[in-house]
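Everything numeric here is computed off the predicted structure, so don't read it as measured data.
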Amino acid sequence: MPVPWEALIPFGLLTSMFAAAGTLLNTSKMAQNQGKPVRYNIDAWDQMMMERDRRLTGHVRGQKSDPVPPEGFETSSAWYTREYTTSR
């Protein structure tokens with residue numbers, strides 16, 4: 001059975017374009033997350049910790065080993081800015 005050699009060029013182009021797009025997307029996501037992999041299945045605890053990290057370091061993926069919080073960390077909580085109402 002003969003092989004249609006002329007079909008290999010478009011196949012190679014499509015394969016290389018999909019590979020390039022996937023690599024660029026992965027690189028972009030890693031750059032946005034400071035070189036760490038993307039988070040999936042984030043629950044309420046993870047969101048709370050990400051918000052705490054954002055208030056401590058300025059980025060949701062940043063972490064500090066310094067036990068002393070920066071100035072204004074005590075008053076930068078969302079609890080002070082939100083208005084909670086009950087519908088009872």
Could you measure the distance from the CG atom of D43 to the CE atom of M48? Nearest 0.5 Å is fine. 9.5 Å
Looking at side-chain heavy atoms only, is the closest gap between H59 and Q34 below 4.5 Å? yes
Distance check, rounded to the nearest 0.5 Å: D53 atom CG versus D46 atom CG? 10.5 Å
Which atom pair, heavy atoms only, marks the closest approach of R61 to N33? CG-OD1, 3.6 Å
Using modelled atom types only, decide if a donor and an acceptor are shared between the side chain of N26 and the backbone of G22 within a distance under 3.5 Å. no
Determine whether more than 12 heavy atoms belonging to other residues, nucleotides or ligands lie under 6.0 Å from atom CD1 of I42. yes
What is the distance from atom CE of M49 to atom CD of Q63, rounded to the nearest 0.5 Å? 10.5 Å
For the NZ atom on K36, are there more than 12 heavy atoms of other groups (residues, nucleotides or ligands in this structure) within a distance under 6.0 Å? yes
Polar side-chain atom of S16 near backbone of L13 as donor-acceptor pair, under 3.5 Å: yes
Where do V38 and K29 come nearest, in terms of heavy atoms and distance? CG2-CB, 3.7 Å
